[in-house]
Q: 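I have a structure here, written as structure tokens, and I will follow up with some questions on it.
Nothing here was measured: the structure is a model prediction, and the numbers come from that model.
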Amino acid sequence: MRSAINAQIREELDSAYLYLGLSAYMDGLNLRGCAHWLRMQWQEEIQHALKFLDFLLQRNCEVELKALAAPAFSAKTPLEIFELVLAHECHITACIHELYALAVVEHDYASQTLLQWFITEQLEEEQSARDIIDDLRLAGDSGASLLLLDRELAARQAED
């Protein structure tokens, strides 16, 4: 479990790095609300990594941080960006499910409890991305609609 959780810490930090890159890209498009939403997502992923890291430390396990690769993406439009966000969140959900399955096999009840929180969190992450994708599809090519959605995304607050 220690090795698998260390790998998940890297997944969470990779996610954070991806969202930071996407945020910078959206800022470059003058979609500062989208950029803000993605930056909030960056902060959330950092908190997820720390949650796993603190769990290992609490269990007196060694933490092994690995190097991160530069985020790479080919998405260009807001819709493509948020479709990438959804695909990435689905990947993270699969990783969490694999961790949970390992915790069950290992009879690691403490890890199962931690991972149950992440399973619920991933449901919310995927739904949030789907909602934004739905809104972007409704907005279509309407600049005014995109501007309104961008302003809505700018209102996102950091979670406790």
Q: Is a donor from one side chain sitting under 3.5 angstrom from an acceptor on the other, for Gln58 and Asp54?
A: no

Q: Is a side-chain donor or acceptor of Ser128 paired with a backbone partner of Glu124 at a separation under 3.5 angstrom?
A: no

Q: Which pair of non-hydrogen atoms, one from Arg10 and one from Ala69, has the smallest distance, and what is that distance?
A: NH2-N, 4.2 Å

Q: Between Phe82 and Trp37, is the ring centre distance below 6.0 Å?
A: yes

Q: Got Asp108 and Leu102 here, is their nearest side-chain heavy-atom distance under 4.5 Å?
A: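 Asp108 does not reach Leu102 side chain to side chain.
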
Q: List the atom pairs, with distances to 0.1 Å, where a side-chain N or O of residues 46-53 and a protein N or O form a donor-acceptor pair under 3.5 Å, not counting sequence neighbours.
A:
from	atom 1	to	atom 2	distance (Å)
His48	ND1	Glu45	OE1	3.3
His48	NE2	Glu121	OE2	3.4

Q: In Å and rounded to the nearest 0.5 Å, what is the CG to OG1 distance from Asp141 to Thr77?
A: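 Taking CG in Asp141 and OG1 in Thr77, the distance rounds to 10.0 Å.
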
Q: For a 4.5 angstrom cut-off between non-hydrogen side-chain atoms, does Leu86 reach Arg130?
A: yes

Q: Can Met26 be reached from Leu147 by stepping across I, L, V, M, F, W or Y side chains whose heavy atoms are under 4.5 Å apart?
A: no

Q: With Glu80, which residues qualify under salt bridge (Lys or Arg N to Asp or Glu O under 4.0 Å), at least two apart?
A: none

Q: Test your reading of the model: is there a side-chain donor-acceptor pair from His36 to the backbone of Arg156, 3.5 Å cut-off?
A: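 Answer holds: yes.
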
Q: Side chains of His97 and Gln122: donor-acceptor distance under 3.5 Å anywhere?
A: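 Looking only at side-chain atoms, Gln122 and His97 do not form any donor-acceptor pair under 3.5 Å.
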
Q: Rounded to the nearest 0.5 Å, how far apart are CD of Glu89 and CD of Gln41?
A: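 These two atoms lie 5.5 Å from each other.
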
Q: Give the minimum heavy-atom separation between Ile119 and Tyr100, together with the two atoms involved.
A: CD1-CD1, 3.8 Å

Q: Does CZ in Arg151 sit with more than 12 non-hydrogen atoms of other residues, nucleotides or ligands closer than 6.0 Å?
A: no

Q: Run Leu31 and Leu146 through side-chain contact (heavy atoms from CB on, under 4.5 Å) and show every step you take.
A: CA-CA 9 Å; Leu31 292 170; Leu146 181 57; 4.2 Å; yes

Q: So does Tyr19 get a backbone contact from the side chain of Ser23, meaning a donor-acceptor N/O pair under 3.5 Å?
A: no

Q: Hey, is the main chain of Ala35 close enough, under 3.5 Å, to the side chain of Asp27 for a donor-acceptor pair?
A: no

Q: Mind checking the CG-CG spacing from Leu138 to Leu149? Nearest 0.5 Å is all I need.
A: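 Nearest 0.5 Å value for the CG-CG distance: 10.0 Å.
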
Q: Say you draw a straight line from CD1 of Ile133 to CD of Glu126; how long is it, rounded to the nearest 0.5 Å?
A: 10.5 Å

Q: Could you measure the distance from the CG atom of Leu115 to the CD1 atom of Ile96? Nearest 0.5 Å is fine.
A: 6.0 Å

Q: What verdict does the side-chain contact (heavy atoms from CB on, under 4.5 Å) test give for Ser111 and Ile5, after you've listed the backbone C-alpha separation in whole Å, the side-chain angles of each residue and the deciding distance to 0.1 Å?
A: CA-CA 9 Å; Ser111 291; Ile5 291 173; 3.9 Å; yes

Q: Take Val63 and Leu65, measure what side-chain contact (heavy atoms from CB on, under 4.5 Å) needs, and give me the verdict at the end.
A: CA-CA 6 Å; Val63 173; Leu65 299 178; 3.9 Å; yes

Q: Verify salt bridge (charged side-chain N to carboxylate O under 4.0 Å, His left out) between Lys66 and Glu64, making sure each step is shown before the conclusion.
A: CA-CA 6 Å; Lys66 305 291 184 193; Glu64 301 171 25; 3.8 Å; yes

Q: Would you call Ile81 and Cys34 a side-chain contact if the rule is heavy atoms closer than 4.5 Å?
A: no

Q: Has Asn6 got a side-chain atom pairing as donor or acceptor with Arg2's backbone, closer than 3.5 angstrom?
A: yes

Q: To check you understand the geometry: which heavy-atom pair defines the closest contact between Ala75 and Leu84, and what is its length?
A: CB-CD2, 4.5 Å

Q: CE/Met1 to CG/Leu114 distance, rounded to the nearest 0.5 angstrom?
A: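 Rounded to the nearest 0.5 Å, the CE-CG separation comes out at 8.5 Å.
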
Q: Which of these, Asp14, Leu22, Leu20, sits in a side-chain contact (heavy atoms from CB on, under 4.5 Å) with Leu18?
A: Leu22

Q: Grab the two heavy atoms, one from Ile92 and one from Ser15, that are nearest each other, plus how far apart they are.
A: CD1-OG, 3.4 Å

Q: With Gln116, which residues qualify under side-chain hydrogen bond (donor to acceptor under 3.5 Å, both in side chains), at least two apart?
A: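 Expected list: none.
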
Q: To check you understand the geometry: which heavy-atom pair defines the closest contact between Met40 and Gln157, and what is its length?
A: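 Smallest interatomic distance, heavy atoms only, reads SD-C, 4.2 Å.
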
Q: Output yes when a side-chain donor or acceptor of Tyr25 lies under 3.5 Å from a complementary backbone atom of Lys76, and no otherwise.
A: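 Indeed, once roles are kept as given, a pair shorter than 3.5 Å links the two residues.
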
Q: Go through His91 and Glu11 one step at a time and tell me if the side-chain contact (heavy atoms from CB on, under 4.5 Å) criterion holds.
A: CA-CA 10 Å; His91 164 73; Glu11 288 283 351; 2.9 Å; yes

Q: For Leu79, is there any backbone N or O sitting under 3.5 Å from a side-chain donor or acceptor partner on Arg137?
A: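 No; judged by distance alone, with no hydrogens or angles, the pair does not exist.
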
Q: Do the side chains of Phe118 and Leu99 get nearer than 4.5 Å, heavy atoms only?
A: no

